[in-house]
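These notes are about the structure you will find just below.
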Amino acid sequence: MVASNRELKLSKTKVSLRAVLDKGQYGVDITAAEVLLTNGGKQALFNAALALFNDGDEVITHAPYWPTIPEQVKLVGAKPVIVQTRAEEGFALHPDELIAAITPKTKAIIVNSPCNPTGGLVDEAALTPIVDAAARRGIWVIVDLCYEQLIYEKVPHNLVKVLFDRHRDRTVIAGSASKSYAMTGWRCGWTIAPRDLTSVFNIIQGQTTSNITSITQKAALAAVAGPQTAVQEMLTEYRTRRDNIHAWLTAHPAIKCVKPKGAFYLFPDISGLLAPGTTSTDFAQGLLEKEHVVVTPGEAFDAPGYLRISYATSMEQLREGATRILRYAESLQPAKAGTR
Ligand SMILES: Cc1ncc(COP(=O)(O)O)c(C=O)c1O
């Protein structure tokens with residue numbers, strides 16, 4: 001992000017993020033009329049769902065997914081169509097599999113990169129054929145880039161440019177200040193979308209929540225226009241946390257885990273720890289009750305047998321959490337786990 005304060009406009013109801021979202025970051029021109037600030041990335045995605053999807057429409061997305069994505073599709077009467085990604089392939093999305101899921105009823109494709117919960121990425125090479133296929137058929141492409149600044153390795157990931165070069169008139173970008181700036185509670189997200197669609201978003205939001213609070217507008221402006229060193233520092237810190245918690249947990253022979261490429265979640269396969277007839281939900285519940293550690297079971301993300309562990313907490317907490325998870329794992333099946 002390379003904006004000066006001079007380039008940013010703060011109005012009574014709207015902070016224009018045009019300057020911070022334009023050439024400096026993506027190498028494309030974006031006008032203020034294409035940007036709307038929303039109450040978090042959630043509202044950004046929901047404005048799009050309300051504006052675009054109708055009863056009977058199909059909307060393709062990839063799993064394991066952040067549950068809000070298919071739930072919003074269902075809330076507006078459309079049908080989520082799910083394309084699986086696999087742990088053994090680093091949760092990479094195969095463009096041909098997604099394209100094969102397109103039918104005459106497909107209204108939109110929703111891509112989340114980096115992905116919550118897997119940390120997987122959809123890079124430029126993977127997105128390009130998807131966008132080309134969507135452009136040929138007039139299908140909308142919605143890209144959730146809420147974790148965009150939390151990518152650990154250098155990967156070509158200018159998805160906005162890929163979309164704008166090929167399919168700008170049917171593209172919606174959803175962004176958020178929640179993750180990069182640790183501003184979840186402030187509720188600031190945004191859409192970048194065609195001008196006409198942005199006007200529709202504006203009507204939807206105007207008749208529901210209205211603008212984001214003026215306090216949040218000022219805080220978000222300070223975050224995006226101020227020095228970005230904190231974002232880089234946190235990325236370095238998250239990388240170390242990722243590496244540590246990954247190493248601590250995978251020291252257990254029954255825990256398998258892909259190292260996430262982005263976001264701040266570990267998504268281990270713990271199926272090897274589950275006694276017959278038990279689920280990762282049972283595991284998460286027992287872990288909470290016995291060791292007071294909160295994790296989200298894979299069932300929430302359409303991935304039974306997995307757990308999602310957030311490492312957006314201190315190293316000390318992570319070390320303690322990992323110790324407790326391992327202790328709980330051993331208490332379940334010490335013989336099988338073979339760690340004694
Ligand atoms: C993949 C993904 N998209 C969007 C969001 C929206 O975040 P917020 O509404 O806090 O901006 C989240 C939050 O967890 C997320 O995980």
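Not measured: the values here are computed from a predicted model. As the structure lists them, so they are numbered: ligands from 1, and atoms in each ligand from 1. Note: hydrogens, waters and symmetry copies are ignored here, and every other heavy atom, side chains too, is used.
A donor-acceptor pair shorter than 3.5 Å can be found between the side chains of Glu299 and Ser280. When only modelled atom types and interatomic distance are considered, Thr209 and Gln43 share a side-chain donor-acceptor pair under 3.5 Å. A donor-acceptor contact under 3.5 angstrom links the side chains of Glu289 and Gln285, judged on distance only.
Close approach of ligand 1 to Ser178 (heavy-atom distance below 4.0 Å) involves ligand atoms 8 (P), 10 (O), 11 (O). Ligand 1 places these atoms under 4.0 Å from at least one heavy atom of Tyr147: 1 (C), 2 (C), 14 (O), 15 (C), 16 (O). Remark: ligand 1 atoms within the under-4.0 Å shell around heavy atoms of Ser176 are 8 (P), 11 (O). Each of the following atoms of ligand 1 lies closer than 4.0 Å to a heavy atom of Gly40: 9 (O), 11 (O). Taking every heavy atom of Lys42 and a limit of under 4.0 angstrom, the matching atoms of ligand 1 come to 6 (C), 9 (O).
Looking only at protein heavy atoms, the nearest one to atom 3 (N) of ligand 1 is Asp144 OD2, 2.5 Å. Regarding atom 9 (O) of ligand 1, its nearest protein heavy-atom neighbour is Arg187 NH2, 2.8 Å. Nearest protein heavy-atom neighbour of atom 5 (C) of ligand 1: Trp66 CH2, 3.2 Å. Scanning all protein heavy atoms for the shortest distance to atom 13 (C) of ligand 1 gives Lys179 NZ, 2.8 Å.
Polar contact with ligand 1: absent for Cys188 (N/O pair, distance under 3.5 Å). Residue contacts with ligand 1: Asn112 is placed with no nitrogen or oxygen under 3.5 Å of a nitrogen or oxygen of the ligand (distance criterion only). Taking only nitrogen or oxygen atoms, main chain and side chain alike, Tyr265 does not reach within less than 3.5 Å of ligand 1.
No more than 12 heavy atoms of other residues, nucleotides or ligands shown are found within 6.0 angstrom of CZ on Arg195.
Between Arg319 and Glu316 there is no salt bridge, since none of the side-chain N atoms of the basic residue sits less than 4.0 Å from a carboxylate O of the acidic one.
Aromatic pair Phe264/Tyr147: ring centres closer than 6.0 Å.
Criterion: ILVMFWY side-chain heavy atoms under 4.5 Å apart, direct or through other members. Under it, Leu318 and Leu150 are part of a common hydrophobic cluster.
Proximity of Gln43 to ligand 1, defined as any heavy-atom pair under 4.0 Å, is not found for any part of the residue.
Aromatic ring orientation, Tyr152 versus Tyr311: tilted (interplanar angle from 30° to 60°).
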Q) Checking ring pair (Phe, Tyr, Trp, His ring centres under 6.0 Å) for the pair Phe283/Tyr328: CA distance, chi angles, key distance, verdict? A) CA-CA 9 Å; Phe283 186 98; Tyr328 182 66; 5.0 Å; yes

